[in-house]
Protein chains: 2
Amino acid sequence: MSTPSMPAGRKPRADAERNRARVLATARALFGEHGEAVQMPEVARAAGVGIGTVYRHFPTRQALVEAAAEQRFGEILEFAETDCLREPQAGQGLRRYLRHVGEVLAGERGLSAALAAAVGSEAPRGEMLARLERAVGALIEQDRAAGAVRGDVTVDDVYLVVAGLSGIIRTGSGDWSRFADLLFEGLRPRSGRPGA
Amino acid sequence: MSTPSMPAGRKPRADAERNRARVLATARALFGEHGEAVQMPEVARAAGVGIGTVYRHFPTRQALVEAAAEQRFGEILEFAETDCLREPQAGQGLRRYLRHVGEVLAGERGLSAALAAAVGSEAPRGEMLARLERAVGALIEQDRAAGAVRGDVTVDDVYLVVAGLSGIIRTGSGDWSRFADLLFEGLRPRSGRPGA
DNA sequence: CTTTTTCCGGAATCGGATTCCGCTTCCGAT
DNA sequence: ATCGGAAGCGGAATCCGATTCCGGAAAAAG
């Protein structure tokens with residue numbers, strides 16, 4: 001009862017966390033480079049630990065993939081909160097955000113699948129998701145004020161856009177940039193824009 | 001040297017084709033109902049043949065899935081050529097086409113993955129694809145003439161839209177209908193439209 | 001320095017796709 | 001109608017990769 005910041009359990013072993021981190025980092029690198037097809041044994045070997053260890057920290061391949069994805073989530077979130085929200089270029093916030101997401105996804109092929117899996121399933125990190133949602137909501141608000149997006153655009157719409165983008169990139173169905181433009185165009189208000 | 005209309009091979013056995021058809025039909029039904037997760041043994045059993053037979057006709061699960069998808073391709077193609085092109089409702093051709101595709105995909109969950117795989121990979125049926133492309137091209141032309149779509153929209157754009165739609169539906173990331181609307185909106189020309 | 005607790009490693013297990021091969025059925029010629 | 005052999009059939013066996021299990025090792029606690 002010395003560190004009240006722990007509701008349950010006793011203590012996290014030192015080297016355990018080190019391993020967890022090593023595995024996650026390795027996985028992240030491999031997934032990014034060779035796509036989601038990398039196998040568990042591969043990860044274990046590359047990380048210099050036994051398969052059992054990998055499974056101890058990530059009960060499932062899926063879990064590992066999601067964990068890796070979450071890191072990137074974090075980075076995207078930060079980008080949204082920092083760059084996009086701090087430097088509002090006349091309603092270009094959402095566009096910049098989406099383009100960034102596209103670039104990240106395109107850069108690390110395997111991530112797209114991970115994102116889809118992560119978002120498509122449960123609520124792995126309600127916390128982070130919540131922050132992201134808030135940030136995106138702010139972006140929408142900001143762009144809307146600048147007359148750059150329709151009034152009925154919601155956070156869910158942005159979700160859809162990201163999901164679609166993810167799909168296109170993952171399956172390499174074509175020029176994702178063009179796709180992003182189409183979508184963005186779809187979010188803009190009809191005919192020029194009235195107010196500033 | 002009796003039937004010169006055969007470049008290679010001799011003759012397709014009677015019951016063989018029957019089985020092939022049976023398997024394909026069964027697979028199609030199962031994939032549509034339970035998604036792409038259905039297993040080979042399942043298909044074999046349901047079709048009333050041995051696993052070996054399934055593999056004789058479709059060397060790979062992937063191949064089977066693609067074959068099943070192709071059938072639907074055919075139906076979609078027909079819809080495009082018949083309904084959409086025959087009854088031009090003031091530039092609503094593309095919209096109807098896309099909505100139909102969405103409905104088909106949503107109706108048979110497993111199909112989305114199949115489509116993605118089929119389109120994403122090679123050119124399984126250059127013939128059918130070509131026809132589809134022609135039909136879509138015509139739809140674009142038609143709608144463009146009615147001022148319903150931008151002048152720079154291409155067949156590839158429609159591909160992108162379908163691919164995106166497919167991704168959304170497969171991963172169940174949200175309301176595909178809304179997504180379709182967004183995309184369609186993105187294809188329309190800027191600011192209302194003067195003519196009819 | 002023990003005891004207790006948490007981890008580690010990797011062999012074994014499990015599930016599902018794919019291969020292999022002896023047996024059967026169909027085709028075409030006799 | 002019959003025969004020889006190619007084309008198919010069935011399904012057991014094999015292969016592969018994810019996941020489980022458990023005895024030994026290492027770290028935290030006393």
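The analysis underlying the following values was restricted to heavy atoms, covering all of them including side chains, and did not include hydrogens, waters or symmetry mates.
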### Task
May I have the distance from A/Ile51 (atom CD1) to D/dT19 (atom C1'), rounded to whole angstrom?
10 Å
### Task
Report yes if at least one side-chain N or O of B/His57 is closer than 4.0 Å to OP1 or OP2 of D/dG8; otherwise report no.
no
#### Entry: Gap separating the OG1 atom of B/Thr26 from the CD atom of B/Glu42, nearest 0.5 angstrom
11.5 Å
### Shortest non-hydrogen contact from A/Leu160 toward B/Ile168
O-CD1, 3.5 Å
### Query
Can you check whether A/Ala68's main-chain N or O pairs, donor with acceptor, with A/Arg72's side chain at less than 3.5 Å?
yes
### Query
Could you run down nucleotides 24-30 of chain D 5' to 3' and tag each one B, S or - for protein heavy-atom contact under 4.0 Å?
--BSSS-
### Query
Between B/Met40 (CE) and D/dG10 (P), how many Å, whole number?
16 Å
### Task
Check whether the side chains of B/Thr53 and B/Arg20 place a donor and an acceptor atom closer than 3.5 Å, and report yes or no.
no
### Query
Roughly how many Å is it from CD in A/Glu17 to C1' in C/dC7, rounded to a whole number?
13 Å
### Query
Would the number of heavy atoms belonging to other residues, nucleotides or ligands and lying under 6.0 Å from CD of A/Glu78 be above 12?
no
### Task
Report the distance from atom CD of A/Gln39 to atom P of D/dT19, rounded to the nearest whole Å.
12 Å
### Message
Donor-acceptor pair, distance only, cut-off 3.5 Å: does the side chain of A/Asn19 make one with the backbone of A/Ala16?
### Response
no
### Task
Rounded off to whole Å, could you give me the CZ-to-P distance for the A/Arg56 and C/dC8 pair?
6 Å
### Message
Is there a side-chain contact between A/Thr53 and the phosphate of C/dG9, meaning an N or O under 4.0 Å from OP1 or OP2?
### Response
yes
### Task
Would you mind reading off the distance between B/Glu36 atom CD and C/dG16 atom P, rounded to a whole angstrom?
15 Å
### Message
Treating B/Asp143 as the side-chain partner and B/Gly93 as the backbone partner, does any N or O pair qualify as donor plus acceptor under 3.5 Å?
### Response
yes
### Task
Indicate yes or no for a side-chain donor-acceptor contact from B/Thr154 to the backbone of B/Asp156 under 3.5 Å, with no hydrogens or angles considered.
yes
### Those residues of residues 41-48 of chain A lying under 4.0 Å from DNA chain C by at least one heavy atom
none
### Message
Output the rounded distance in Å from OH (A/Tyr55) to P (C/dA12).
### Response
18 Å
### Message
Which is more 5' along DNA chain C, the nucleotide nearest B/Arg18 or the one nearest B/Gly52? Just name the residue.
### Response
B/Gly52
### Message
Is there a path of hydrophobic side-chain contacts, each under 4.5 Å between heavy atoms of I/L/V/M/F/W/Y residues, joining A/Phe79 to A/Leu129?
### Response
no
### Query
Looking at B/Asn19, does any N or O in its side chain come under 4.0 Å of the phosphate oxygens OP1/OP2 on D/dC9?
yes
### Task
Let me know the distance between CZ of B/Arg61 and P of C/dA17, rounded to the nearest Å.
5 Å
